[in-house]
Number of protein chains: 2
Amino acid sequence: MKRFVEVEQLLRGRGIRLTAQRQLVVRRAAAYLHFTAEELVKNVQSFDASVARGTVYRTLALLHRQGIVEKHDFRYGPPNYEVTLAKAHHDHLMCVQCGEIIEFQEPRVERIQDDVVRRYGYQLLSHTHKLYGLCRACQQVDRRQARKLSPPHLHVEEVVA
Amino acid sequence: MKRFVEVEQLLRGRGIRLTAQRQLVVRRAAAYLHFTAEELVKNVQSFDASVARGTVYRTLALLHRQGIVEKHDFRYGPPNYEVTLAKAHHDHLMCVQCGEIIEFQEPRVERIQDDVVRRYGYQLLSHTHKLYGLCRACQQVDRRQARKLSPPHLHVEEVVA
DNA sequence: CAGCTACTTGAGACTGAGTCTCAACACATC
DNA sequence: GATGTGTTGAGACTCAGTCTCAAGTAGCTG
């Protein structure tokens, strides 16, 4: 099932009005793994130029409040958003050269976190765990850079379904 | 030994000019555990109002390039900076209510990270691991909130030495 | 110490990302 | 179709951060 259908059902179920603009924003957002707010604005406007920037931001905030999208502050540039509905919790590994983002799961880390939090008497609400490095391809590009070769490869990120 | 002395020695050793403005910025930065760029601007200007905002940002960028300060994107608000010179690596636990930040070390997590990175063929360069929750005091404030009691406590953060 | 060069600074314009305001519009319900 | 509430587009605004540039300063060299 396409991801945006679930999101739309959820919103409707909560009595939230699903206007044409909101549908477009939801569908475009669901088509990407990770995106910045401005990327989403451009993408939405390429389908319907009359949708205002403010509307995209508002809808994004709405989805965030509803727990449907998550906001990630990767270093380097503005925050990334991600539609996480019906997705298991995961953390991120990012290539600082080409920007590829890999999602990983590590239950062992989650257990250690509980330890840490207990140690300081905190109540854990959420966490972020981000690893930054070079992907295999970029490590090679780096090595070839001395010889000034090809530009870094690109990762196309649009989800097919 | 005061922290800023080390920083100043390091900069001089690398042939970087230590102007009066830079000294002031370094000293004020070293006086805090965590601070935002704008906080630092205000703090520096309270000692010498003639120092321009741009100079503070420039010096902060210089210290960052020199590996002396680290930048942390906590959610909620602009990024925090931290003078990390001669400080062991650590991660952060933050109270989302009062903003207290605790630094913790967890070698076990570092080992698991190496696993993850190997699994995807990456070369690890750095990482951030942030836990968000409620500190002991704020958990209690939360419980009392139904009865509308005292405002949240404050954490004074200036370092004494 | 005068002259030269390179670096640094203050002031303020500029930018990008995000928020706010408000009049116009759309929708759901009666 | 009247009414009330929620949503939208347009554009002004804010805030953090960057850039530009003329003026100032430091560190040589002779």
Side-chain angles (χ1 to χ4, degrees), chain A residues 7-8 11-29 32 34-66 68-82, chain B residues 7-8 11-29 34-66 68-82 99:
Chain A
V7 174
E8 292 180 4
L11 291 176
R12 255 190 275 267
R14 292 188 189 166
I16 289 163
R17 225 184 262 172
L18 248 184
T19 63
Q21 291 92 330
R22 286 184 179 169
Q23 274 192 30
L24 181 57
V25 172
V26 166
R27 288 171 188 216
R28 294 321 304 153
Y32 285 85
H34 298 90
F35 52 89
T36 67
E38 289 297 318
E39 276 166 12
L40 184 60
V41 169
K42 285 207 191 70
N43 192 283
V44 163
Q45 291 181 339
S46 77
F47 284 81
D48 178 351
S50 78
V51 177
R53 220 163 64 94
T55 299
V56 176
Y57 273 92
R58 272 188 296 244
T59 307
L60 211 41
L62 170 75
L63 296 173
H64 190 235
R65 278 198 307 281
Q66 295 296 322
I68 292 165
V69 314
E70 261 182 35
K71 188 177 171 182
H72 299 292
D73 266 307
F74 293 106
R75 317 189 251 217
Y76 323 111
N80 264 250
Y81 293 86
E82 175 187 8
Chain B
V7 174
E8 292 180 5
L11 291 176
R12 255 190 276 265
R14 293 187 188 167
I16 290 163
R17 225 183 262 175
L18 247 185
T19 62
Q21 292 92 331
R22 285 184 178 168
Q23 274 191 32
L24 181 56
V25 172
V26 166
R27 287 170 188 216
R28 295 319 306 154
H34 299 90
F35 52 89
T36 67
E38 289 297 318
E39 277 165 11
L40 184 59
V41 169
K42 286 207 190 71
N43 192 283
V44 163
Q45 290 182 339
S46 77
F47 284 82
D48 179 352
S50 78
V51 176
R53 218 162 65 93
T55 300
V56 176
Y57 274 93
R58 271 187 298 243
T59 307
L60 211 40
L62 170 74
L63 295 173
H64 190 235
R65 277 198 307 280
Q66 295 296 323
I68 291 165
V69 313
E70 261 181 35
K71 187 176 172 183
H72 299 292
D73 266 309
F74 293 107
R75 318 189 250 217
Y76 324 112
N80 264 250
Y81 293 85
E82 175 187 8

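This is a predicted model, so every value here is computed, not measured. Order of the sequence lines sets the chain letters (A, B, ...), proteins ahead of strands, with each chain counted from 1.
Between the CD atom of A:Glu39 and the P atom of C:dG18 there is a distance of 11 Å, given to the nearest Å. If you take CG of B:Leu24 and C1' of C:dT9, they are 14 Å apart, rounded to a whole angstrom. Distance B:Leu11 CG to C:dT8 C1': 14 Å, rounded to the nearest Å.
The residue among B:Glu38 and A:Ala49 whose nearest nucleotide of DNA chain D is located toward the 5' end is A:Ala49. Toward the 5' end of DNA chain D, the nearer of the two residues B:Arg53 and A:Gly54, judged by each one's closest nucleotide, is A:Gly54.
A pairwise comparison of heavy atoms in A:Asp73 and A:Pro79 identifies OD1-CB, 3.6 Å as the closest pair. Taking all atoms of both residues into account, the shortest heavy-atom contact from A:Glu70 to A:His64 is CA-CD2, 4.3 Å.
Contact annotation for B:Ser50: backbone-only contact, meaning every heavy-atom pair under 4.0 Å involves sugar-phosphate atoms and none involves a base.
Side-chain N or O atoms of B:Arg28 include none that pairs as donor or acceptor with a backbone N or O of B:Phe47 at under 3.5 Å.
Proximity of A:Leu11 to A:Gln66: side-chain heavy atoms (C-beta onward) are separated by under 4.5 Å at one or more points. Contact annotation: the side chain of B:Asn43 never approaches that of B:Phe35 to less than 4.5 Å [non-hydrogen atoms, C-beta and beyond]. Side-chain contact between A:Tyr81 and A:Leu40 is absent, with no heavy-atom pair separated by less than 4.5 Å. Side chains of A:Glu38 and A:Arg53 form a contact here, defined as non-hydrogen atoms less than 4.5 Å apart.
Rounding to the nearest 0.5 Å places CZ of A:Arg17 at 8.5 Å from OG1 of A:Thr19.
Near-neighbour residues of DNA chain C inside residues 56-64 of chain A, defined by a heavy atom below 4.0 Å, number-ordered: A:Tyr57, A:Arg58.
Between A:Glu8 and A:Arg22, no side-chain nitrogen of the basic residue sits less than 4.0 Å from a carboxylate oxygen of the acidic one, so the salt-bridge criterion is not met.
Of the candidates C:dT8, C:dT9, C:dG18, the closest approach to any side-chain atom of B:Arg17 belongs to C:dT8.
If you walk DNA chain D from 5' to 3' and mark each nucleotide with an atom closer than 4.0 Å to a heavy atom of chain B, the marks span D:dA16 to D:dA26.
Residue B:Arg22 places at least one side-chain N or O closer than 4.0 Å to OP1 or OP2 of C:dT8. OP1 or OP2 of C:dT9 has at least one side-chain nitrogen or oxygen of B:Thr19 nearer than 4.0 Å.
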